[in-house]
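What you see is a predicted model, and the numbers here were worked out from it, not measured in a lab.
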Amino acid sequence: MRFIQLLLFAVVSFLASVIGAVCGIGGGVIIKPTLDLFGWASVSAISFLSGCTVLSMSFYSVVKSILAGEKSVDIKIGTPLALGAAFGGMAGKQMFNGIREIFENQNMAGGIQAGCLAVITVGTLAYSVNKSKIRSQNIHSSAACLSIGFVLGVMSSFLGIGGGPINLVVLFYFFSMDTKTAAANSLYIILFSQITSLITTFVTRSVPEFEPTALVLMVAGGIGGGMAGRSVNKRIDSSVVDQMFVIVMVLIIVISVYNMWKYLA
């Protein structure tokens with residue numbers, strides 16, 4: 001990779017992680033489609049690099065929150081969700097590997113990922129805009145949390161986005177969380193799903209070829225973005241977070257639709 005390409009990978013990772021830490025979407029939902037747009041690495045490599053970046057950012061954010069004594073994560077709900085997401089992360093990774101092996105051209109797998117992400121993001125945006133009109137639930141069952149977490153893990157790992165906006169909508173609707181609480185719990189869930197997804201990648205020996213320098217820069221950008229995002233999150237109101245979330249969703253939809261057309265055309 002050229003220097004300018006490596007620099008852009010780092011910048012995208014940093015900015016996406018800032019937004020991800022503020023909104024609780026992990027950053028991968030921005031990193032994956034954005035880097036797919038440039039096409040400087042394979043679909044598998046970008047998924048892997050994005051996952052590692054999201055893992056580093058979520059690990060920093062969660063550990064920092066625990067050390068600071070913050071009580072924003074609901075352990076009784078967040079832990080079974082995270083455990084379910086961990087198992088779902090393994091299943092989602094296997095699903096992606098299976099689809100990648102079906103098609104000789106990796107672009108087909110990328111097109112399927114982009115299409116699924118566009119559809120899910122449209123649904124997420126629709127809910128977010130109308131959530132004040134939708135009556136939310138208040139689930140406490142551990143079994144239900146495990147099941148919901150599993151589905152979240154499958155989708156996030158298969159799409160290579162870590163969790164992103166899907167987590168927030170689920171936390172809004174099923175658990176009646178406010179924006180900032182949902183963001184903290186989302187990062188907690190993302191941490192578990194990304195750890196198991198990465199372990200699955202190594203165990204199944206499906207690590208794609210990638211540029212090591214890009215990984216180092218992206219992980220550094222993820223941690224730096226997590227630090228900056230936590231600082232920003234403390235200074236802004238939940239209504240601002242909601243507005244930022246909607247804007248990001250619109251951008252992701254546009255990029256995902258373009259990527260789907262590019263890969264499948």
Side-chain angles (χ1 to χ4, degrees), residues 17 20-21 23-33 43-44 46-59 61-62 73-100 109 112-117 119-121 123-124 127 137 139-175 177 181-204 206-207 222 252:
S17 296
C23 299
I25 59 177
V29 71
I30 303 171
I31 296 171
K32 178 67 171 65
V43 171
S44 299
I46 291 174
S47 291
F48 178 77
L49 292 170
S50 173
C52 290
T53 305
V54 171
L55 174 59
S56 65
M57 187 279 284
S58 59
F59 179 80
S61 297
V62 171
V73 174
D74 188 330
I75 299 299
K76 291 184 179 179
I77 292 176
T79 298
L81 278 172
L83 290 174
F87 288 106
M90 291 188 286
K93 179 61 69 175
Q94 291 297 88
M95 283 177 59
F96 175 74
N97 290 338
I99 289 178
R100 187 181 61 181
I112 292 172
Q113 273 187 323
C116 291
L117 180 57
V119 171
I120 290 172
T121 308
T124 300
Y127 176 86
Q137 308 299 309
I139 292 176
H140 291 94
S141 166
S142 294
C145 290
L146 282 168
S147 300
I148 293 170
F150 180 83
V151 175
L152 287 176
V154 169
M155 290 192 292
S156 63
S157 183
F158 174 74
L159 295 174
I161 61 173
I166 308 168
N167 288 4
L168 290 185
V169 166
V170 167
L171 293 171
F172 290 153
Y173 178 72
F174 289 104
F175 305 100
M177 292 184 183
T181 302
N185 282 270
S186 175
L187 292 175
Y188 185 63
I189 296 166
I190 288 170
L191 175 62
F192 279 74
S193 66
Q194 286 305 114
I195 288 174
T196 53
S197 178
L198 186 62
I199 291 174
T200 302
T201 299
F202 283 110
V203 170
T204 59
S206 56
V207 178
I252 291 169

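One N or O on the side chain of Ser156 and one on the backbone of Gly153 form a donor-acceptor pair closer than 3.5 Å. Although no hydrogens or angles enter the test, the distance criterion places a donor-acceptor pair under 3.5 Å between the side chain of Gln113 and the main chain of Phe158. Thr196 places no side-chain N or O within 3.5 Å of a backbone atom of Phe87 that could act as its donor or acceptor partner. Side chain of Asp74 to backbone of Asn185: no donor-acceptor contact under 3.5 angstrom is found.
Relative orientation of the Tyr127 and Phe172 rings is parallel, given thresholds of 30° and 60° on the angle between their planes.
Expressed to the nearest 0.5 Å, how far OG of Ser142 lies from CG of Leu81 amounts to 9.5 Å. Once rounded to the nearest 0.5 Å, the distance linking OG of Ser50 with CG of Leu55 reads 11.0 Å. To the nearest 0.5 angstrom, Ile189 atom CD1 is 11.5 Å from Ile166 atom CD1. Taken from OG in Ser186 to CG in Leu191, the straight-line distance is 11.0 Å, to the nearest 0.5 Å. Taking CG of Asn167 as the start and CD1 of Ile148 as the end, the distance is 11.5 Å to the nearest 0.5 Å. Once rounded to the nearest 0.5 Å, the distance linking CG of Asn97 with OG of Ser47 reads 9.5 Å.
Sorted by first and then second residue, the pairs that involve residues 77-91 and meet side-chain hydrogen bond (donor to acceptor under 3.5 Å, both in side chains), not counting sequence neighbours, are Thr79-Tyr188.
Every residue meeting the side chain to side chain donor-acceptor pair (under 3.5 Å) condition with Thr204, not counting sequence neighbours, appears here in chain and number order: Ser206. The side chain to side chain contact (heavy atoms under 4.5 Å, CB included) check on Leu146 picks up Pro80, Leu83, with sequence neighbours excluded.
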Side chain to side chain contact (heavy atoms under 4.5 Å, CB included) evaluation trace for Lys32 with Leu49: CA-CA 9 Å; Lys32 178 67 171 65; Leu49 292 170; over 6 Å; no
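Listed here is the closest heavy atom pair of Val54 and Gly27: CG2-C, 4.2 Å. Residues Ser197 and Lys93 come closest through the heavy atom pair OG-CE, 3.2 Å. Contact record, Ser61 with Leu187: CB-CD1, 3.9 Å, taken as the closest heavy-atom pair. Taking every heavy atom of both residues into account, Ala109 and Arg100 meet most closely at CB-CA, 4.3 Å. In plain terms, the two heavy atoms of Gly28 and Pro33 that are nearest each other are O-CD, 3.9 Å. Here the closest heavy-atom approach between residue Leu159 and residue Cys116 is recorded as CD2-CB, 3.7 Å.
Proximity of Cys145 to Phe174: side-chain heavy atoms (C-beta onward) are nowhere separated by under 4.5 Å.
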